[in-house]
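Can you read through this structure? Questions will come right after.
Given the structure is predicted, the values throughout are model-derived calculations rather than measurements. Basis for what follows: all heavy atoms, side chains included, without hydrogens, waters or symmetry-related copies.
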Amino acid sequence: MSYYASSEALIRECGGILQPPERLTVSEAAERYRRLNNKGAYVGAWKNDMVPYLPEIMDTLTSREYEAVCFVTSAQSAKTEAILNWIGYTARCDGADMLIYEKSMDDAQDFSKRRVDRLHSNSAELGACLNQGKSADTVLTKFYKNGSMVSLLWPTKNKLAGKPAARVALTDYDRMPQNVDGEGSPFELARKRTTTFRSFAMTYVESSPSFPILDPKWRPKTTHEAPPCKGIFGIYNSGDRRCWYWPCPECGFWYQPCFSLLEYDPTDDFVAAGESVRMPCPNTKCGAAITPSTRASVNRNGRWLKDGQTFDDDGNIVGDARRSDIASFWLKGVAAAFNSWPKMVTRYLQALEHMERTGDEEKLKTTVNTDQGEAHLPRHQQLIRVPEDLMNRAGDYGERVVPLNVRFLIATIDVQGNRFEVSVHGVGLAPGAQEFDLWLIDRFKISKSNRIDSDGDHFPVKPHSYLEDWLQIEDKVISKTYPLADNSGRVMQIKVTGCDSGGRQGVTSMSYAYWRRLKKKGLGHRFRLLKGEPQRAAPRVREAHPDSQRKDRHAGARGEIPVLLLNTNLLKDWLDKILDREVPGGGYLHIPDWMIERKRFLFDELCSEVRNEKGEWKQTSARNEQVDLAYYTLALIVFLKCERLNWQNAPIWARPWDENPLVIDPKDKQSAAKNSGKSLSDLGADLL
């Protein structure tokens with residue numbers, strides 16, 4: 001508690017509480033009251049034109065149209081200075097309680113001593129706003145004469161709860177835990193601290209990006225959309241997405257300055273390469289280039305543009321801007337006021353060389369994030385295929401017919417919660433090849449059961465609950481035939497059907513019960529149950545017989561049901577190589593062109609998984625059924641020993657059509673036996 005010798009001193013000390021807000025913006029207050037004392041760099045008054053992109057960001061902090069401001073950028077951009085100027089504005093012009101969150105307690109203490117205390121000592125008028133007394137100026141709390149209190153905190157469950165304040169700031173957000181003690185993101189938790197202040201509430205969050213791109217197949221849907229990442233980019237994408245534009249000083253063409261536009265001389269001397277850096281105008285009719293020495297003057301003419309807006313020929317902003325309660329800004333590193341282009345280029349080239357020599361990407365990730373202000377896509381994901389790549393291989397070999405080179409068919413089933421997804425592949429030899437190729441013949445689903453409601457409509461399939469829903473598989477898959485491409489009228493039967501037996505509780509027991517039914521009918525060998533192998537070092541495929549005394553006891557297995565256990569990762573590696581092949585012959589997937597229009601989702605599904613840093617396959621899209629169906633097919637190929645198949649002396653089911661008992665003439669039910677020259681009993685033994 002402070003004591004005063006006279007009422008005059010008391011009134012003078014408390015007078016700031018009674019003063020009305022000074023009608024200045026944050027950027028105006030910074031120029032009027034902020035002083036810098038960075039010896040060896042700059043000493044003097046704050047100048048907004050040194051960081052021309054910052055005034056709009058700072059002034060939006062007092063806007064009642066927005067609840068939050070997000071700033072994504074590189075290091076050396078003065079993004080944290082906006083917080084200090086906001087503190088100065090709060091202390092001198094318009095009082096309100098503030099909460100400043102740093103990454104940790106140590107960082108909060110350092111920010112207080114290194115940044116806030118120097119703000120007070122270097123800027124006399126701001127320092128004079130502090131209350132008198134030791135308790136008014138502690139390491140983690142600052143009290144001002146206008147009644148404001150600024151608290152320095154760090155993201156914990158307790159620090160982000162029960163502390164209402166009109167103004168909240170989070171610095172270096174991507175280095176904070178993104179889920180605070182299981183309560184949620186620090187941004188959302190901090191934002192809740194301002195709720196009671198309604199339109200006067202404001203949350204500011206800034207950071208250079210740190211998290212990798214989640215979907216390597218991502219393509220921006222709008223001009224300013226950022227890659228899908230956790231952290232600061234996620235907040236930015238929720239906002240109105242403003243990007244910084246420059247006008248070319250020669251032709252007036254407006255564009256976003258970014259690292260990819262920089263050019264430099266190709267040389268092994270990375271320092272010399274950096275010294276040669278320039279940025280040519282993207283307008284190919286211009287050719288003018290910005291250099292490090294002219295960058296500052298060009299930067300002063302820059303402007304922020306919201307997503308959906310453009311510049312007309314006269315430089316006016318036109319178009320319908322994206323709307324949000326978050327004003328979000330993304331400044332690329334080449335426009336950051338204190339970033340050196342030559343050093344950016346040198347560090348980038350050094351990081352590339354280090355990665356190529358050692359395989360370590362950390363240096364490259366650091367320079368992309370902190371120097372360039374952009375998200376990093378790991379190199380192992382940069383060559384990820386996209387659906388268009390697979391569409392380019394599509395060929396015209398008929399719709400749902402067996403192409404000329406296919407020797408036998410494999411069907412696979414992926415069990416979903418309300419349907420069976422089915423795929424049919426042909427296996428055979430391309431002309432002149434010694435190893436097999438795959439032909440995608442069909443893809444369909446079984447989604448309606450034979451159960452009918454009171455209105456006569458079919459109930460949806462429920463594979464986990466109803467055995468009768470599984471009974472459709474025999475007619476619609478196992479016994480399905482496809483016409484041959486030679487127009488002979490003959491059809492080919494499916495050699496074997498593989499079916500997923502795991503997933504939702506109840507699926508395993510239903511799949512076992514269905515297999516038992518097929519076995520009684522003599523069809524057990526034509527239907528193979530599949531399941532993922534938990535051991536990473538296991539072979540690609542091995543046969544097991546689950547026993548009720550072990551882990552499959554709830555499925556009612558008694559050791560009589562054969563299940564193929566699949567090493568998912570190894571089989572998907574194989575599928576990845578197949579999808580990467582560019583020419584037929586020796587492991588290539590042929591896709592019919594009719595699927596481009598009618599099965600477009602299939603191409604997306606084939607591109608739905610990527611290999612992560614650990615070499616494991618990770619799903620990046622909601623649907624990946626075709627990946628599962630394809631690697632199930634490869635598992636059955638392994639089980640049938642097709643990799644070592646002598647195609648000139650193949651088993652009877654893999655022979656050319658005229659010798660193959662799986663090829664039948666619907667008009668002649670005995671054609672398979674006649675073509676093989678064997679009895680029906682011998683034929684059955686061969687087909688097992």
Side-chain angles (χ1 to χ4, degrees), residues 25 27 51-74 77 79 82 173 187-188 191 199 201-209 211 213-215 217-248 251-261 279 281-284 298-336 372-375 377 386:
T25 65
S27 64
V51 281
Y53 45 81
L54 208 56
E56 183 171 333
I57 297 172
M58 293 191 293
D59 294 344
T60 309
L61 293 172
T62 57
S63 171
R64 297 178 67 178
E65 296 180 17
Y66 300 95
E67 294 182 5
V69 172
C70 168
F71 187 22
V72 190
T73 187
S74 67
S77 60
K79 58 184 180 293
Y173 183 76
F187 172 70
E188 293 300 336
R191 198 177 178 185
S199 65
M202 178 56 67
T203 302
Y204 174 66
V205 56
E206 56 86 357
S207 183
S208 55
F211 293 100
I213 298 172
L214 296 175
D215 182 5
K217 299 183 294 297
W218 166 84
R219 297 293 183 274
K221 297 182 178 65
T222 64
T223 307
H224 294 173
E225 183 184 18
C229 301
K230 296 179 182 178
I232 194 75
F233 268 134
I235 302 171
Y236 166 84
N237 275 332
S238 298
D240 54 17
R241 302 177 186 170
R242 308 184 198 191
C243 287
W244 185 249
Y245 281 74
W246 281 350
C248 173
C251 69
F253 180 77
W254 287 86
Y255 63 96
Q256 286 189 59
C258 58
F259 187 82
S260 62
L261 293 178
M279 182 182 291
C281 175
N283 182 1
T284 55
V298 177
N299 214 12
R300 281 193 286 270
N301 295 320
R303 297 170 70 183
W304 288 106
L305 200 66
K306 297 178 183 178
D307 208 359
Q309 295 178 327
T310 58
F311 291 102
D312 65 16
D313 293 339
D314 297 321
N316 300 310
I317 295 177
V318 296
D320 297 326
R322 175 182 168 89
R323 298 179 62 192
S324 174
D325 59 358
I326 300 174
S328 57
F329 300 80
W330 182 11
L331 180 81
K332 309 295 177 59
V334 293
Q372 300 174 25
E374 301 192 40
L377 178 64
V386 294

Set of side chain to side chain contact (heavy atoms under 4.5 Å, CB included) partners for Ser199, sequence neighbours left out: Arg64

Considering all heavy atoms of both residues, which atom of Ser328 and which atom of Asp240 are nearest to each other, and what is their separation?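 That closest heavy-atom pairing would be N-OD1, 3.0 Å.
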
For Thr25, give me all partners under side chain to side chain contact (heavy atoms under 4.5 Å, CB included), at least two apart in sequence or on another chain. Ser27, Glu28, Asp59

Can you sort out the partners of Pro247 under side chain to side chain contact (heavy atoms under 4.5 Å, CB included), two or more places apart, ordered by chain and number? Trp254, Asn301

For Gln372, side chain to side chain donor-acceptor pair (under 3.5 Å) partners two or more places apart: none

Using a 4.5 Å cut-off on heavy atoms from C-beta on, say whether the side chain of Lys332 contacts that of Leu261. no

From Ser238 atom OG to Phe187 atom CZ, the distance as rounded to the nearest 0.5 Å: 8.0 Å

With sequence neighbours excluded, what pairs up with Asn316 under the side chain to side chain donor-acceptor pair (under 3.5 Å) test? Asp312

State which residues pass ring-ring contact (aromatic ring centres under 6.0 Å, His included) with Phe71; sequence neighbours excluded, sorted by chain then number. none

Test your reading of the model: is there a side-chain donor-acceptor pair from Arg303 to the backbone of Gly315, 3.5 Å cut-off? yes

Is any side-chain heavy atom of Ile213 closer than 4.5 Å to a side-chain heavy atom of Phe233? no

For Arg322, all residues meeting salt bridge (Lys or Arg N to Asp or Glu O under 4.0 Å), sequence neighbours excluded: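 Testing Arg322 for salt bridge (Lys or Arg N to Asp or Glu O under 4.0 Å), a comparison that skips the adjacent residues, returns none.
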
Do Phe311 and Ile317 have side-chain heavy atoms sitting under 4.5 Å apart?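 Result yes, sub-4.5 Å side-chain heavy-atom pair found.
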
So CZ of Phe211 and OH of Tyr173: to nearest 0.5 Å the spacing works out to 8.5 Å

For the side chain of Thr73 and the backbone of Gly373, is there at least one donor-acceptor N/O pair under 3.5 Å apart? no

Heavy-atom nearest pair, Ile326 first then Tyr66, reads C-CD2, 3.9 Å

For residues 223-235, which residue pairs pass the side-chain hydrogen bond (donor to acceptor under 3.5 Å, both in side chains) check, not counting sequence neighbours? His224-Tyr245

Quick one, Pro209 and Cys229 - any side-chain contact, counting heavy atoms below 4.5 Å? no

Please list, chain by chain and in numerical order, all residues satisfying side chain to side chain contact (heavy atoms under 4.5 Å, CB included) with Asp320, sequence neighbours excluded.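 Side chain to side chain contact (heavy atoms under 4.5 Å, CB included) check on Asp320 returns nothing, list empty.
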
Stepwise side-chain contact (heavy atoms from CB on, under 4.5 Å) test for Tyr255 and Asn283: CA-CA 9 Å; Tyr255 63 96; Asn283 182 1; over 6 Å; no

Considering residues at least two apart in sequence or located in another chain, which fulfil the salt bridge (Lys or Arg N to Asp or Glu O under 4.0 Å) criterion with Arg241? Asp307

Going by the rule ring-ring contact (aromatic ring centres under 6.0 Å, His included), which residues pair with Phe329 if we only count those two or more places apart in sequence or in a different chain? Trp304

Going from CG on Asn299 to CH2 on Trp244, what distance comes out if it is rounded to the nearest 0.5 angstrom? 6.0 Å

Of all heavy-atom pairs between Gln309 and Ala321, which one has the smallest distance, and what is that distance? NE2-CB, 3.5 Å

Are the side chain of Lys79 and the backbone of Ser74 linked by a donor-acceptor contact shorter than 3.5 Å?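 Indeed, once roles are kept as given, a pair shorter than 3.5 Å links the two residues.
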
On a heavy-atom basis, which atom in Pro282 and which in Phe253 lie closest, and how many Å separate them?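 The answer is CB-CE2, 4.1 Å.
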
Looking at Arg191 and Ala68, what are the two nearest heavy atoms and their distance? NE-CB, 4.5 Å

From CD1 (Ile235) to SG (Cys70), nearest 0.5 Å: 5.5 Å

Testing the basics here: between Gly302 and Trp246, what is the closest heavy-atom pair and its distance to 0.1 Å? CA-CD1, 4.2 Å

Would a distance-only check, ignoring hydrogens and angles, find a side-chain to backbone donor-acceptor pair under 3.5 Å from Tyr53 to Ser77?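 Yes; at least one donor-acceptor contact below 3.5 Å.
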
Looking only at atom types and distance, does a side-chain atom of Asn237 sit under 3.5 Å from a main-chain N or O of Ala226, one as donor and one as acceptor?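 A pair under 3.5 Å: yes.
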
Show your reasoning for whether side-chain contact (heavy atoms from CB on, under 4.5 Å) applies to Met202 and Thr62. CA-CA 7 Å; Met202 178 56 67; Thr62 57; over 6 Å; no

Interatomic spacing from CG in Leu331 to CD in Gln256 - rounded to 0.5 Å: 10.0 Å

ring-ring contact (aromatic ring centres under 6.0 Å, His included) filter on Tyr236, not counting sequence neighbours, yields Trp330

